[in-house]
Amino acid sequence: MRLHPLTGLAAAGSTAVITTAAGSWPLSLAVVAGALAVSAAGGTARRLLPAAAAVLVPLTLSLLLVHGLAYPEGRTVLAEWGPARVTAEGLGFALQRGVQVCAAVLALLAFSFSVSVPDLVAAMNAKGVSGRFAFVLASTLTLLPAIAAQAEHIRTAQEARGLVIRRGLVHRAAAFRLQAVPLVLALVDDAGTRAAALEARGFSSSGPRTSYRTVPDSTAQRLLRAVLLLAAAAAVVLRLLTSAAGG
């Protein structure tokens with residue numbers, strides 16, 4: 001049975017919400033492993049990992065910096081520089097939050113790298129969602145895959161013209177500097193092209209719409225989506241009640 005785009009979106013979104021609300025190391029690590037396994041099975045791991053690293057590395061470093069140096073409940077001091085203190089509790093909290101964020105980001109990226117944008121837009125239109133909003137949501141979810149694909153095309157073209165990328169972080173960073181300008185220009189040009197195409201197709205029109213693309217759906221998948229959304233809502237409510245009871 002083919003997975004409906006909205007079922008994949010509900011699964012990714014509810015997984016991110018439940019993982020964040022639960023705040024559990026084992027669950028977060030299980031979600032990370034599951035997202036990587038799904039990505040590897042779908043053949044998107046090679047593109048997903050660099051995109052995930054671009055999001056998660058600076059975010060994780062900022063969590064370590066903020067909570068590692070300024071965690072108010074920290075008692076076990078590992079290092080101290082004036083008012084800044086590195087505590088074991090702060091580092092543990094930062095790592096826990098980092099794993100949770102990693103799980104949520106990888107779940108959403110695994111979906112965004114595998115979903116078909118035309119199918120997602122058609123499925124949302126079939127549910128009564130406006131074409132403009134559906135396209136904006138689909139474009140947002142698939143922004144990183146689009147950037148990764150464009151960067152790969154630029155890198156391939158530059159290597160064909162003689163660019164040699166050596167091993168090592170420094171050399172890769174220098175190569176990225178050469179790719180950044182054409183990447184940004186290509187994305188801006190693509191945005192203009194998409195805007196003109198959307199206007200030509202009448203996406204701003206408020207009248208009735210007809211779609212030539214039909215995405216099959218089933219009662220089982222509709223039921224599964226409802227269960228996933230209810231589970232995410234229950235996880236949030238349980239987290240709020242637990243937090244209220246604890247303080």
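FYI, side chains are in, hydrogens and waters are out, and symmetry mates aren't considered; it's all heavy atoms of this structure.
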Does [X] belong to the same Ile/Leu/Val/Met/Phe/Trp/Tyr cluster as [Y], with side-chain heavy atoms less than 4.5 Å apart forming each link?
X      : Y      : answer
Val215 : Leu120 : no
Leu49  : Phe113 : yes
Leu29  : Leu64  : yes
Val99  : Val31  : no
Leu56  : Leu36  : yes

Kindly give the heavy-atom pair with the smallest separation between [X] and [Y], and that separation in Å.
X      : Y      : answer
Ala107 : Ala12  : O-CB, 3.6 Å
Ala123 : His4   : CB-CE1, 3.4 Å
Leu27  : Ala22  : CD2-CB, 3.6 Å
Thr19  : Ala103 : CG2-CB, 3.7 Å
Ala235 : Ala21  : O-CB, 3.7 Å
Pro50  : Ala45  : CD-O, 4.4 Å

* Asked: Heavy-atom distance under 4.5 Å between the side chains of Gln221 and Leu3, does that happen here?
  ->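 Yes - at least one pair of side-chain heavy atoms lies under 4.5 Å apart.
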
* Decide yes or no for Leu61 and Leu65: does some side-chain heavy atom of the first lie under 4.5 Å from some side-chain heavy atom of the second? =>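 Counting from C-beta outward, Leu61 and Leu65 never come under 4.5 Å.
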
* Value rounded to 0.5 Å, distance of OG1 in Thr242 from CG in Leu238 ->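 One gets 4.0 Å once the value is rounded to the nearest 0.5 Å.
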
* To do: First locate atom CG of Leu48, then atom CZ of Phe111, and finally report the distance between them rounded to the nearest 0.5 Å.
  =>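 Separation between the atoms: 13.0 Å.
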
* Take Val115 and Leu9, measure what side-chain contact (heavy atoms from CB on, under 4.5 Å) needs, and give me the verdict at the end. => CA-CA 9 Å; Val115 69; Leu9 178 60; over 6 Å; no

* Asked: Among all residues two or more places apart in sequence or in another chain, which pass the side-chain contact (heavy atoms from CB on, under 4.5 Å) test with Leu228?
  ->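 Per chain and number, Leu228 pairs via side-chain contact (heavy atoms from CB on, under 4.5 Å) with Ala10, Ala11, Ser14, Leu224.
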
* Asked: Can you list the residues that meet the side-chain contact (heavy atoms from CB on, under 4.5 Å) rule with Val38, with sequence neighbours excluded?
  ->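 Val38: no side-chain contact (heavy atoms from CB on, under 4.5 Å) contacts found.
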
* Asked: Quick one: does Gln100's side chain have a donor or acceptor within less than 3.5 Å of a partner on Ser28's backbone?
  ->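 No: the side chain of Gln100 does not pair with the backbone of Ser28.
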
* Between Ser62 (side chain) and Leu59 (backbone), is there a donor-acceptor pair under 3.5 Å? ->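 Such a contact is found between Ser62 side chain and Leu59 backbone.
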
* Does a side chain donor of either Thr219 or Arg222 reach within less than 3.5 Å of an acceptor in the other side chain? ->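 Distance-only check passes for Thr219 and Arg222.
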
* **Over 12 non-hydrogen atoms of neighbours within 6.0 angstrom of CZ in Arg46** =>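 It does not: Arg46 CZ has 12 such atoms or fewer within range.
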
